[in-house]
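These numbers come from the heavy atoms of this one structure, side chains and all, not from hydrogens, waters or symmetry mates.
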Amino acid sequence: MKDPSFFGLYEALSNSDTLSNGILITVAKSGLLSTLFAVALLASGQNSTITGTLTGQVIMEGFIHMRMPIWLRRLITRLISVIPVLICVIITSRQGTIREHTALNTLMINSQVFLAFALPFSMVPLLMMTNSEVEMGSRFKNSIVIRILGWGSVIGLTYLNLIGLPGQIEGFFGEKVTSSQLVLADSIAYVIIVAVLLLLAWTIIELYKGNKKYNQLINER
(Lines give C-alpha, C1' and ligand atoms only; values in the text may rest on other atoms or scores of the structure.)
Protein backbone atom coordinates (compact mmCIF):
# COMPACT_ATOMS: atom_id res chain seq x y z
CA MET A 1 0.00 0.00 0.00
CA LYS A 2 1.40 3.38 -1.04
CA ASP A 3 1.57 6.21 1.47
CA PRO A 4 -1.02 8.87 0.38
CA SER A 5 0.12 11.45 2.92
CA PHE A 6 2.61 14.30 2.69
CA PHE A 7 5.27 11.81 3.78
CA GLY A 8 4.49 9.72 0.69
CA LEU A 9 4.58 12.80 -1.52
CA TYR A 10 8.00 13.70 -0.12
CA GLU A 11 9.28 10.22 -0.96
CA ALA A 12 7.70 10.34 -4.43
CA LEU A 13 9.44 13.62 -5.25
CA SER A 14 12.80 12.00 -4.55
CA ASN A 15 11.94 8.93 -6.66
CA SER A 16 12.75 9.51 -10.33
CA ASP A 17 10.74 6.42 -11.38
CA THR A 18 7.48 8.30 -10.81
CA LEU A 19 8.43 11.11 -13.23
CA SER A 20 8.48 11.26 -17.02
CA ASN A 21 10.05 14.65 -17.68
CA GLY A 22 13.80 14.43 -18.21
CA ILE A 23 14.57 17.67 -16.42
CA LEU A 24 12.44 16.73 -13.42
CA ILE A 25 14.07 13.29 -13.29
CA THR A 26 17.50 14.90 -13.09
CA VAL A 27 16.34 17.32 -10.40
CA ALA A 28 14.61 14.50 -8.47
CA LYS A 29 17.78 12.42 -8.42
CA SER A 30 19.60 15.31 -6.81
CA GLY A 31 16.99 15.44 -4.04
CA LEU A 32 16.19 19.08 -4.79
CA LEU A 33 12.44 18.55 -5.39
CA SER A 34 11.83 16.79 -2.10
CA THR A 35 13.98 19.33 -0.26
CA LEU A 36 12.07 22.27 -1.77
CA PHE A 37 8.78 20.60 -0.83
CA ALA A 38 9.94 20.11 2.76
CA VAL A 39 11.18 23.71 3.01
CA ALA A 40 7.91 25.05 1.56
CA LEU A 41 5.87 22.98 4.03
CA LEU A 42 8.05 24.16 6.92
CA ALA A 43 7.79 27.80 5.80
CA SER A 44 4.01 27.50 5.55
CA GLY A 45 3.80 26.13 9.08
CA GLN A 46 6.11 28.80 10.45
CA ASN A 47 4.08 31.51 8.74
CA SER A 48 0.87 30.27 10.35
CA THR A 49 2.55 29.97 13.75
CA ILE A 50 4.08 33.45 13.60
CA THR A 51 0.76 34.96 12.48
CA GLY A 52 -1.10 33.25 15.33
CA THR A 53 1.49 34.33 17.89
CA LEU A 54 1.49 37.96 16.74
CA THR A 55 -2.32 38.02 16.61
CA GLY A 56 -2.50 36.70 20.16
CA GLN A 57 0.01 39.31 21.28
CA VAL A 58 -1.96 42.17 19.71
CA ILE A 59 -5.24 40.96 21.23
CA MET A 60 -3.78 40.41 24.71
CA GLU A 61 -1.81 43.66 24.86
CA GLY A 62 -4.09 45.94 22.86
CA PHE A 63 -7.58 44.80 23.84
CA ILE A 64 -7.47 43.07 27.22
CA HIS A 65 -4.19 44.69 28.38
CA MET A 66 -2.66 41.37 29.39
CA ARG A 67 1.09 41.07 29.12
CA MET A 68 3.37 38.08 29.52
CA PRO A 69 7.02 37.30 28.69
CA ILE A 70 7.72 36.41 25.06
CA TRP A 71 9.20 33.01 25.99
CA LEU A 72 6.06 32.10 27.98
CA ARG A 73 3.75 33.18 25.16
CA ARG A 74 5.70 31.13 22.64
CA LEU A 75 5.80 28.12 24.97
CA ILE A 76 2.02 28.18 25.49
CA THR A 77 1.17 28.62 21.79
CA ARG A 78 3.58 25.86 20.75
CA LEU A 79 2.23 23.44 23.36
CA ILE A 80 -1.35 24.10 22.29
CA SER A 81 -0.49 23.45 18.64
CA VAL A 82 1.42 20.25 19.47
CA ILE A 83 -1.36 18.65 21.55
CA PRO A 84 -3.56 17.57 18.56
CA VAL A 85 -0.50 16.07 16.84
CA LEU A 86 0.44 14.09 19.94
CA ILE A 87 -3.12 12.77 20.24
CA CYS A 88 -3.06 11.58 16.60
CA VAL A 89 0.30 9.89 17.05
CA ILE A 90 -0.77 8.14 20.26
CA ILE A 91 -4.05 6.89 18.79
CA THR A 92 -2.48 5.57 15.56
CA SER A 93 0.90 4.45 16.96
CA ARG A 94 -0.05 0.76 16.85
CA GLN A 95 -1.83 0.87 13.50
CA GLY A 96 1.23 1.09 11.26
CA THR A 97 3.33 3.86 9.76
CA ILE A 98 1.03 4.58 6.82
CA ARG A 99 -2.01 4.87 9.09
CA GLU A 100 -0.11 7.24 11.35
CA HIS A 101 1.03 9.36 8.40
CA THR A 102 -2.51 9.46 6.99
CA ALA A 103 -3.93 10.61 10.34
CA LEU A 104 -1.39 13.44 10.57
CA ASN A 105 -2.09 14.37 6.96
CA THR A 106 -5.85 14.49 7.64
CA LEU A 107 -5.26 16.59 10.75
CA MET A 108 -3.23 19.07 8.70
CA ILE A 109 -5.90 19.30 6.00
CA ASN A 110 -8.78 19.61 8.46
CA SER A 111 -6.94 22.39 10.28
CA GLN A 112 -7.59 24.50 7.20
CA VAL A 113 -11.28 24.38 8.07
CA PHE A 114 -10.61 26.33 11.25
CA LEU A 115 -8.19 28.59 9.39
CA ALA A 116 -11.02 29.43 6.97
CA PHE A 117 -12.98 30.85 9.92
CA ALA A 118 -10.14 32.87 11.40
CA LEU A 119 -8.48 34.43 8.35
CA PRO A 120 -11.29 36.78 7.22
CA PHE A 121 -11.68 38.19 10.74
CA SER A 122 -7.98 39.04 10.90
CA MET A 123 -7.60 40.32 7.33
CA VAL A 124 -10.67 42.57 7.14
CA PRO A 125 -9.96 44.65 10.29
CA LEU A 126 -6.28 44.92 9.35
CA LEU A 127 -7.12 46.17 5.87
CA MET A 128 -9.79 48.61 7.05
CA MET A 129 -7.52 50.09 9.72
CA THR A 130 -4.55 50.50 7.38
CA ASN A 131 -6.86 52.06 4.77
CA SER A 132 -8.04 54.67 7.28
CA GLU A 133 -6.41 58.08 7.23
CA VAL A 134 -7.67 58.65 10.78
CA GLU A 135 -5.82 55.58 12.07
CA MET A 136 -2.69 55.73 9.92
CA GLY A 137 -2.39 59.35 8.87
CA SER A 138 -2.12 60.57 5.30
CA ARG A 139 1.49 59.44 5.05
CA PHE A 140 1.12 55.80 6.11
CA LYS A 141 -2.36 54.85 4.93
CA ASN A 142 -2.62 52.37 2.07
CA SER A 143 -2.42 53.68 -1.47
CA ILE A 144 -5.14 53.02 -4.05
CA VAL A 145 -3.15 50.14 -5.54
CA ILE A 146 -2.66 48.50 -2.12
CA ARG A 147 -6.37 48.91 -1.38
CA ILE A 148 -7.40 47.24 -4.62
CA LEU A 149 -4.91 44.41 -4.19
CA GLY A 150 -5.80 44.07 -0.52
CA TRP A 151 -9.55 43.82 -1.00
CA GLY A 152 -9.05 41.55 -3.98
CA SER A 153 -6.94 39.22 -1.85
CA VAL A 154 -9.41 39.29 1.06
CA ILE A 155 -12.41 38.56 -1.15
CA GLY A 156 -10.55 35.90 -3.14
CA LEU A 157 -9.15 34.07 -0.11
CA THR A 158 -12.45 34.23 1.76
CA TYR A 159 -14.30 32.87 -1.26
CA LEU A 160 -11.82 30.02 -1.77
CA ASN A 161 -11.88 29.11 1.93
CA LEU A 162 -15.67 29.10 2.17
CA ILE A 163 -16.35 27.40 -1.18
CA GLY A 164 -14.20 24.44 -0.13
CA LEU A 165 -15.83 24.16 3.28
CA PRO A 166 -18.49 21.54 2.34
CA GLY A 167 -15.83 19.18 1.00
CA GLN A 168 -13.65 19.67 4.08
CA ILE A 169 -16.51 18.90 6.48
CA GLU A 170 -17.43 15.84 4.41
CA GLY A 171 -13.88 14.62 5.07
CA PHE A 172 -14.64 14.42 8.81
CA PHE A 173 -17.01 11.50 8.09
CA GLY A 174 -14.23 9.35 6.61
CA GLU A 175 -13.79 7.72 3.21
CA LYS A 176 -17.10 5.84 2.96
CA VAL A 177 -19.64 8.64 3.28
CA THR A 178 -23.36 7.87 3.10
CA SER A 179 -25.88 10.15 1.38
CA SER A 180 -27.35 11.22 4.73
CA GLN A 181 -23.87 12.14 5.99
CA LEU A 182 -23.28 14.19 2.84
CA VAL A 183 -26.52 16.09 3.40
CA LEU A 184 -25.59 16.68 7.05
CA ALA A 185 -22.07 17.83 6.14
CA ASP A 186 -23.35 20.23 3.48
CA SER A 187 -26.01 21.59 5.84
CA ILE A 188 -23.42 22.25 8.53
CA ALA A 189 -21.13 23.90 5.98
CA TYR A 190 -23.84 26.21 4.62
CA VAL A 191 -24.90 27.24 8.13
CA ILE A 192 -21.29 28.05 8.97
CA ILE A 193 -20.83 29.98 5.71
CA VAL A 194 -23.92 32.12 6.40
CA ALA A 195 -22.78 32.71 9.99
CA VAL A 196 -19.27 33.73 8.87
CA LEU A 197 -20.63 36.13 6.24
CA LEU A 198 -23.05 37.70 8.74
CA LEU A 199 -20.28 38.12 11.32
CA LEU A 200 -18.02 39.63 8.67
CA ALA A 201 -20.73 42.09 7.66
CA TRP A 202 -21.26 43.02 11.32
CA THR A 203 -17.49 43.43 11.81
CA ILE A 204 -17.18 45.72 8.78
CA ILE A 205 -20.15 47.85 9.88
CA GLU A 206 -18.88 48.19 13.44
CA LEU A 207 -15.37 49.08 12.28
CA TYR A 208 -16.78 51.65 9.87
CA LYS A 209 -18.94 53.20 12.62
CA GLY A 210 -16.04 53.23 15.06
CA ASN A 211 -13.73 54.86 12.52
CA LYS A 212 -16.35 57.47 11.67
CA LYS A 213 -16.97 58.25 15.34
CA TYR A 214 -13.25 58.55 16.02
CA ASN A 215 -12.90 60.87 13.03
CA GLN A 216 -15.64 63.12 14.45
CA LEU A 217 -13.88 63.27 17.83
CA ILE A 218 -10.63 64.25 16.14
CA ASN A 219 -12.35 67.00 14.14
CA GLU A 220 -14.08 68.36 17.25
CA ARG A 221 -10.72 68.85 18.92
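- Under the 4.5 Å side-chain heavy-atom criterion for grouping Ile, Leu, Val, Met, Phe, Trp and Tyr, Y208 is connected to L197 within one hydrophobic cluster.
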Check residues 142-149 and write down every donor-acceptor pair under 3.5 Å in which the side-chain atom is one partner and the other belongs to a residue at least two apart or another chain.
{"unit_1": "N142", "atom_1": "ND2", "unit_2": "T130", "atom_2": "OG1", "d": "2.8"}
{"unit_1": "N142", "atom_1": "ND2", "unit_2": "N131", "atom_2": "OD1", "d": "2.8"}
{"unit_1": "S143", "atom_1": "OG", "unit_2": "I146", "atom_2": "N", "d": "3.4"}
{"unit_1": "R147", "atom_1": "NE", "unit_2": "N142", "atom_2": "O", "d": "3.4"}
{"unit_1": "R147", "atom_1": "NH2", "unit_2": "N131", "atom_2": "O", "d": "3.0"}

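- Annotation: the span from L165 atom CG to D186 atom CG amounts to 10.0 Å, rounded to 0.5 Å.
- Partners of T158 by side chain to side chain contact (heavy atoms under 4.5 Å, CB included), not counting sequence neighbours, listed by chain and number: P120, M123, V154, L162, L200.
- Residue Y159 is found in a hydrophobic cluster whose other members, listed by chain and number, are L160, I163; membership requires side-chain heavy atoms under 4.5 Å apart, directly or through intermediates.
- The backbone N or O of T178 sits less than 3.5 Å from a side-chain atom of Q181, completing a donor-acceptor pair.
- By the side chain to side chain contact (heavy atoms under 4.5 Å, CB included) test, L36 is found to be paired with L32, residues two or more places apart in sequence or in another chain being considered.
- In this structure, OG on S132 lies 14.5 Å from CZ on F140, to the nearest 0.5 angstrom.
- Distance check, rounded to the nearest 0.5 Å: CD1 of I192 to OG of S187 gives 11.0 Å.
- We find the CD1-CG distance between I193 and L198 to be 12.0 Å, quoted to the nearest 0.5 Å.
- In this structure, P125 and L207 approach most closely via the heavy-atom pair CA-CD1, 3.5 Å.
- Residues passing the side chain to side chain donor-acceptor pair (under 3.5 Å) test with K141 are E133, sequence neighbours excluded.
- No path of Ile, Leu, Val, Met, Phe, Trp and Tyr side chains, each step under 4.5 Å between heavy atoms, connects L127 with M136, placing them in separate hydrophobic clusters.
- Residue V124 is not grouped with residue V194 when hydrophobic side chains (ILVMFWY) are merged at heavy-atom distances under 4.5 angstrom, including chains of intermediate members.
- Applying the side chain to side chain donor-acceptor pair (under 3.5 Å) test to S138 and every residue at least two apart in sequence or in another chain returns nothing.
- Tracing side-chain contacts under 4.5 Å through hydrophobic residues (I, L, V, M, F, W, Y), one never reaches I155 starting from L199; they form parts of separate clusters.
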